[in-house]
Amino acid sequence: MDLIARLRAGLPGEAILTDPDITGSYANDMASFCEAGTPAVVVLPRTVEQVQHIMRTATELRVPVVPQGARTGLSGAANASDGCLVLSLVKMDRIIEINPVDRIAVVEPGVVNAVLSRAVNEHGLYYPPDPSSWEECSIGGNIGTASGGLCCVKYGVTAEYVLGLDVVLADGRLLTTGRRTAKGVAGYDLTRLFVGSEGSLGIVVRAVLALKPEPPQQLALAAEFPSTAAACEAVCEIMARGHAPALLELMDRTSIRAVNAMAQMGLPDSTEALLLAAFDTPEPAADLAAVGALCTAAGATEVVPAETAAESDLLLQARRLTLTALEQVKSATMIDDVCVPRSRLAEMLDGTAAIAEKYGLTIGVCAHAGDGNTHPTVCFDAADPDESRRARASFDDIMALGLQLGGTITGEHGVGVLKKEWLARELGPVGLELQRGIKDVFDPLGILNPGKLF
């Protein structure tokens with residue numbers, strides 16, 4: 001019996017897609033420079049039992065399986081391989097439970113981040129992880145790549161909110177990890193192992209997520225600086241003095257000018273860096289005043305605090321428009337995701353500017369400055385082979401710079417296809433050997449998302 005016939009024995013007809021014109025649309029995520037193959041079939045299960053049937057079938061026939069969420073990823077982790085079975089989890093999109101007493105939500109992997117966030121807000125609760133693609137990205141994808149977001153400087157990343165998981169293993173068995181309780185240290189932390197594993201160890205079919213009380217409405221300020229060094233000095237002072245901003249973002253000169261060109265934001269051409277801070281504390285105006293004073297002391301030429309939520313939204317608009325504005329500079333963009341210690345942030349930005357000059361490219365940087373997580377965005381003409389080559393070379397130089405500064409090749413986007421060679425460099429031979437050993441325990445046939453990570 002062939003693959004399609006075996007799948008039909010446990011799946012409804014509408015859950016199986018075989019038309020090449022349709023399956024081809026599931027071939028890749030949003031990453032540049034990542035090869036993608038042609039899937040043999042795309043399946044869209046709605047139940048745990050259906051996922052188990054799919055994995056049993058794949059194991060019996062030795063068919064590679066590529067799990068997918070909303071495909072908003074930026075590392076090629078969801079890219080298909082030739083002849084694979086694409087397992088799309090977007091139809092498993094139920095919010096099963098929201099529990100205000102235990103402060104948890106139980107969800108299926110296809111739930112969109114923004115949908116969950118709004119649902120828990122109705123109970124006076126808050127799900128903090130907020131990737132920039134939160135209106136589209138799925139919780140399963142967030143778990144697979146250990147996503148971050150703008151508010152992680154105060155609230156942390158996805159991994160810190162995943163209490164427990166139901167996972168279908170490669171052979172179809174169902175594993176339950178973790179807990180629903182506030183505390184729990186029984187056995188190895190398998191839950192944390194799956195977070196960030198990019199679908200290489202199992203298929204997440206249900207998640208227990210921690211929630212927090214909904215914070216007060218935040219207020220923001222914008223500070224303009226004559227140099228990236230001055231802006232980064234302000235970041236270091238803000239964190240060293242014990243402040244806890246809900247958001248601390250930085251834009252470099254290239255990003256500022258791109259936003260100005262697109263949206264006429266009116267930022268002075270002399271601004272080399274823009275720092276945006278926000279607080280959701282009971283007295284945000286006092287926190288903004290203290291941070292504003294630190295910015296002025298670090299050399300800010302202008303500090304503009306908001307007095308209302310509407311003013312805050314206006315101040316933060318430039319940051320939200322950054323990627324869209326950089327996408328208009330050239331026909332293609334390549335977004336890096338290098339995280340360095342906060343104390344090395346200025347060196348990272350200045351080094352990236354030097355790399356842009358070296359390769360004759362436009363590279364704009366926006367950063368989750370409070371985390372040291374930078375997103376250099378390489379703008380290039382995809383139709384120009386030489387410019388494409390230089391773009392890829394600059395991308396590699398940026399990752400090398402991050403490691404040189406004591407950082408990591410990815411803070412929140414994951415490894416996927418794009419960075420697997422660099423993962424080996426970061427982990428070293430012993431670390432790589434152990435990680436491959438863990439992979440073999442969960443996936444001895446190597447059918448789960450092959451060719452990703454390492």
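Going from atom CG of D189 over to atom CZ of F194 covers 11.0 Å, rounded to the nearest 0.5 Å. Remark: H413 NE2 to S75 OG distance equals 9.0 Å, nearest 0.5 Å. A distance of 6.5 Å separates CG in L190 from CG in L175, rounded to the nearest 0.5 Å. Expressed to the nearest 0.5 Å, how far CG of L85 lies from CD1 of I4 amounts to 7.5 Å. Atoms CD and SG, on E160 and C152 in that order, are 8.0 Å from each other to the nearest 0.5 Å. Expressed to the nearest 0.5 Å, how far CG of D384 lies from NZ of K330 amounts to 7.5 Å.
Relative ring orientation between Y161 and Y127 is described as perpendicular, the plane-to-plane angle rising above 60° on a 0-90° scale split at 30° and 60°.
Under the 3.5 Å distance criterion, the side-chain polar atoms of E198 are left unmatched by any main-chain donor or acceptor of T145. Checked by atom type and distance alone, the side chain of S331 pairs as donor or acceptor with a backbone atom of A382 at under 3.5 Å. For N121 (side chain) and S117 (main-chain N/O), a donor-acceptor pair under 3.5 Å exists by modelled atom type. In terms of modelled atom types and a separation under 3.5 Å, the side chain of D130 and the main chain of C151 share a donor-acceptor contact. At least one donor-acceptor pair closer than 3.5 Å links the side chain of R62 to the backbone N or O of T59. In this structure, the side chain of T374 engages the main chain of V338 through a donor-acceptor pair within 3.5 Å. Although no hydrogens or angles enter the test, the distance criterion places no donor-acceptor pair under 3.5 Å between the side chain of S133 and the main chain of E136. Judged by distance alone, the side chain of E387 and the main-chain N or O of D381 form a donor-acceptor pair under 3.5 Å. Judged purely by atom type and a 3.5 angstrom limit, R342 has no side-chain atom pairing as donor or acceptor with the backbone of M239. Between the side chain of Q52 and the backbone N or O of G172, at least one donor-acceptor pair lies under 3.5 Å.
You'll find the side chain of V208 stays beyond 4.5 Å of the side chain of L165, heavy atoms only. Under the 4.5 Å side-chain criterion, counting only non-hydrogen atoms from C-beta, P215 is in contact with Y155. A heavy-atom distance below 4.5 Å is found between the side chains of K419 and T410.
In this structure T228 satisfies the side chain to side chain contact (heavy atoms under 4.5 Å, CB included) test together with A273, L349, D350, sequence neighbours excluded.
Under a 4.0 Å N-O distance rule, the pair E249/R320 does not qualify as a salt bridge. For R6 and D2, the salt-bridge test fails: no basic side-chain N is under 4.0 Å from an acidic carboxylate O.
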Begin with the C-alpha distance, continue with both residues' side-chain angles, and end with the deciding distance and a verdict on salt bridge (charged side-chain N to carboxylate O under 4.0 Å, His left out) for D280 and K154. CA-CA 10 Å; D280 57 6; K154 180 175 183 177; 2.6 Å; yes
Checking side-chain hydrogen bond (donor to acceptor under 3.5 Å, both in side chains) for the pair T176/D166: CA distance, chi angles, key distance, verdict? CA-CA 5 Å; T176 296; D166 283 356; 3.0 Å; yes
Take R390 and D386 through the salt bridge (charged side-chain N to carboxylate O under 4.0 Å, His left out) test and state the conclusion after the steps. CA-CA 6 Å; R390 285 184 281 126; D386 181 66; 3.0 Å; yes
Dump the intermediate steps for side chain to side chain contact (heavy atoms under 4.5 Å, CB included) on V63 and T57, then the final yes or no. CA-CA 8 Å; V63 176; T57 300; over 6 Å; no
Are R94 and E108 close enough, and set up right, to give a salt bridge (charged side-chain N to carboxylate O under 4.0 Å, His left out), and what steps lead you there? CA-CA 5 Å; R94 292 184 303 144; E108 291 184 328; 3.1 Å; yes
Using side chain to side chain contact (heavy atoms under 4.5 Å, CB included), reason through H53 and V168 one step at a time and then give a plain yes or no. CA-CA 10 Å; H53 170 70; V168 175; over 6 Å; no
Stepwise side chain to side chain contact (heavy atoms under 4.5 Å, CB included) test for I143 and V162: CA-CA 8 Å; I143 292 171; V162 182; 4.0 Å; yes
Hey, mind stepping through E347 and R344 against salt bridge (charged side-chain N to carboxylate O under 4.0 Å, His left out) and telling me if it holds? CA-CA 5 Å; E347 294 170 83; R344 312 298 297 272; 2.5 Å; yes
Steps toward side chain to side chain contact (heavy atoms under 4.5 Å, CB included) verdict (L248, L276): CA-CA 6 Å; L248 190 59; L276 299 158; over 6 Å; no
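Within the 6.0 Å centre-distance limit, the rings of F380 and F33 are counted as a close aromatic pair.
For S255 and D252, the side-chain atoms include at least one donor-acceptor pair closer than 3.5 Å. Side-chain N/O atoms of N79 and Y26 include no donor and acceptor closer than 3.5 Å. With no hydrogens or angles considered, no side-chain donor-acceptor pair links N142 and W134 at under 3.5 Å. Between H368 and E412, the side chains place a donor N or O and an acceptor N or O closer than 3.5 Å (distance only, hydrogens not considered).
The number of heavy atoms from other shown groups lying within 6.0 Å of CZ (R56) is above 12.
Under the side-chain contact (heavy atoms from CB on, under 4.5 Å) rule, P376 has a single partner from D337, T254, I363, which is I363.
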